[in-house]
Amino acid sequence: MADLFTPIQVAGRQIANRIVMAPAPSGLAGTDGFCHGALTSFYERRAQAGVGLIIGEPMLIYAPSTPVPHLGIWHDCFLPGLRRLVAAAHAFGSRIAFLLEAPAIAQIPTTLVDDYVQAAWRALAAGADGVFISIADDGMLTRLVSPSRATDNGIGPVMNERILPVLTILEQMRHLFGRRLWIGLRMPAAELIPNGLSHQDARLIARRAVAAGAQLLDVTLTRYTADIARFPGWTLPLVAGIRRIANEAVVIGSGQLSDPWLADAAVQDGSVDLVMLCTALRCMPEWPKLAKRLLLPISVR
């Protein structure tokens, strides 16, 4: 039976354990889009502590319209800094993937698919292990897919048309990169808001994404109303529902899983393949070492 510190193989490459760092902004990015030393050190410290997979904060595939802190990947000039970031993670045995994001703008570029693919080429050139695209945050793809952003409420013909760019991006990346680059989708388990994406919608999207080439699914829950009760492990039943329908992919789950025993149990009972942590790793970079000290006696017994 797998546990939190059991290695896992993804497309022929191994992740040392089941701990994933969430793609949350570090607060250290500048307005120039370059990966500077302080940001590299931020991720390096988490790698040194034993995080199995780091998913970097969003990297923009287009230049922002106004100066905002961000990481950029829309030009080759960013590659030297990104290579240093990847090298820092790999030096301690961590895998690292880039989250590619198109900022939400009024007009969708006709070159959207090609621009995502070009950004993925740069990720490969930087030495990254994989890339994710997101329909769970607030970028362009999320605005295309989410029913709450448009006029219909279902996954009928209009929704099928809306998710087509996402599937095309995944198909193109899988075709071009094969086993050289992991391809992942960050997606909601549901949207618990009026007219939001239902869990059944999410299950159908997960099936189509895996068929299109997604090897990893980062299943999260970022949109909910204020009256939704949140507690440790609150999203796990929904994440497990996605895992059951898309078991060909490696499924990453989150949702206040900072308790090492809870994180370990989520892996052992098959709710998730990998456990994603956000606040815990931000506030306590040494969390993996602490968790290992706490859980190792249990594993030995």
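Throughout, numbering of the chain's residues begins at 1 and tracks the sequence.
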Heavy-atom side-chain proximity of M21 to L53 below 4.5 angstrom:
no
Atom of G241, atom of R203 and distance for their closest heavy-atom approach:
O-NH1, 2.7 Å
Exercise answer: donor-acceptor pairs, residues 164-173 side-chain atoms, under 3.5 Å, sequence neighbours excluded:
from: T168; atom 1: OG1; to: L164; atom 2: O; distance (Å): 2.8

I'd like to know whether H90 forms a side chain to side chain contact (heavy atoms under 4.5 Å, CB included) with D129, so could you lay out the CA-CA distance, the side-chain angles of the two residues, the decisive distance to 0.1 Å, and finally the verdict.
CA-CA 10 Å; H90 285 173; D129 297 290; 2.8 Å; yes
Which residues satisfy the side chain to side chain contact (heavy atoms under 4.5 Å, CB included) test with A246, sequence neighbours excluded?
A206, V210, L217
May I ask you to test the E101-D138 pair for a side-chain heavy-atom distance under 4.5 Å?
no
I'd like to check I135 versus L185 (side-chain heavy atoms, cut-off strictly below 4.5 Å). Are they in contact?
yes
Hey, what do you get for CZ (R84) to CG (L39), rounding to the nearest 0.5 Å?
11.5 Å
Would you sort out whether L28 and H36 count as a side chain to side chain contact (heavy atoms under 4.5 Å, CB included), showing the intermediate values?
CA-CA 8 Å; L28 298 170; H36 297 292; over 6 Å; no
Side-chain donor-acceptor distances from residues 71-83 under 3.5 Å, at least two apart:
from: H75; atom 1: ND1; to: C77; atom 2: N; distance (Å): 2.9
from: D76; atom 1: OD1; to: R122; atom 2: NE; distance (Å): 2.8
from: R83; atom 1: NE; to: A125; atom 2: O; distance (Å): 3.2

Can you tell if the side chain of P288 reaches within under 4.5 Å of the side chain of L277, non-hydrogen atoms only?
no
Between P188 and A202, what is the shortest heavy-atom contact and its length?
O-CB, 3.4 Å
Atom pair CG/OG of D218 and S254 - distance to nearest 0.5 Å:
6.5 Å
Roughly how far apart are L99 CG and I133 CD1, rounded to 0.5 Å?
9.5 Å
Compare every heavy atom of S134 with every heavy atom of T142, then report the nearest pair and how far apart it is.
OG1-O, 3.8 Å
Quick one: closest heavy-atom pair of G56 and P23, and the distance?
O-CB, 3.3 Å
In chain order, what residues pass the side-chain hydrogen bond (donor to acceptor under 3.5 Å, both in side chains) check against T220, with sequence neighbours excluded?
none
Please report, to 0.1 Å, the donor-acceptor pairs under 3.5 Å made by any side chain of residues 105-119, with sequence neighbours excluded.
from: T111; atom 1: OG1; to: D115; atom 2: OD2; distance (Å): 2.7
from: D115; atom 1: OD2; to: Y62; atom 2: OH; distance (Å): 2.5
from: Y116; atom 1: OH; to: A102; atom 2: N; distance (Å): 3.1

Is it true that a side-chain atom of D264 and a backbone atom of L4 form a donor plus acceptor pair closer than 3.5 Å?
yes
Joint hydrophobic cluster, L274 plus L262, side-chain heavy atoms closer than 4.5 Å:
no
Quick one, V10 and R13 - any side-chain contact, counting heavy atoms below 4.5 Å?
no
Residues two or more places apart in sequence or in another chain: which of them pass side chain to side chain contact (heavy atoms under 4.5 Å, CB included) with D269?
S271
To the nearest 0.5 Å, how far apart are NE2 in H175 and CD1 in I183?
12.5 Å
Verdict with supporting geometry, M284 and L290, side chain to side chain contact (heavy atoms under 4.5 Å, CB included)
CA-CA 9 Å; M284 191 185 303; L290 173 63; 3.6 Å; yes
Quick check on the hydrophobic clustering: are L85 and V20 connected, directly or via other members, by side-chain heavy-atom contacts under 4.5 Å?
no
Salt bridge (charged side-chain N to carboxylate O under 4.0 Å, His left out) contacts touching residues 242-258 (sequence neighbours left out):
R207-E248, R243-D273
Of the non-hydrogen atoms in T31 and P69, which two are nearest, and what is the gap between them?
CG2-N, 3.9 Å
Pair listing, side chain to side chain donor-acceptor pair (under 3.5 Å) test, anchored in residues 42-55, at least two apart
Y43-E57
What's the spacing between T222 OG1 and I193 CD1 if we round to 0.5 Å?
8.5 Å
Excluding sequence neighbours, so at least two apart, what forms side chain to side chain contact (heavy atoms under 4.5 Å, CB included) with A11?
W182, Q215
So do the side chains of I55 and I96 get within less than 4.5 Å of each other, counting heavy atoms only?
no
I'd like to check L197 versus S146 (side-chain heavy atoms, cut-off strictly below 4.5 Å). Are they in contact?
no
Single-linkage hydrophobic cluster, 4.5 Å side-chain cutoff, M276 and I242 together:
no
Please determine whether residues V145 and L100 belong to a single hydrophobic cluster, defined as Ile, Leu, Val, Met, Phe, Trp and Tyr linked transitively by side-chain heavy-atom distances below 4.5 Å.
yes
How long is the straight-line distance from CZ of R95 back to CD1 of I8, given to the nearest 0.5 Å?
12.5 Å
Who pairs with T6 by side chain to side chain contact (heavy atoms under 4.5 Å, CB included), at least two apart in sequence or on another chain?
A2, D3, R18
Looking only at heavy atoms, what is the nearest atom pair of T40 and A88, with distance?
CG2-CB, 3.8 Å
Contact list for residues 118-147, test ring pair (Phe, Tyr, Trp, His ring centres under 6.0 Å), sequence neighbours left out:
W121-F177
Should V275 and L216 be counted in the same cluster of Ile, Leu, Val, Met, Phe, Trp and Tyr side chains packed under 4.5 Å apart?
no
Verify side chain to side chain contact (heavy atoms under 4.5 Å, CB included) between V86 and F98, making sure each step is shown before the conclusion.
CA-CA 10 Å; V86 170; F98 293 170; 3.6 Å; yes
R186 and D137, any side-chain heavy atoms less than 4.5 Å apart
yes
Can you run down the ring pair (Phe, Tyr, Trp, His ring centres under 6.0 Å) pairs that involve residues 198-247, sequence neighbours left out, and say none if there aren't any?
Y224-W234
Can you check whether V51's main-chain N or O pairs, donor with acceptor, with S94's side chain at less than 3.5 Å?
yes
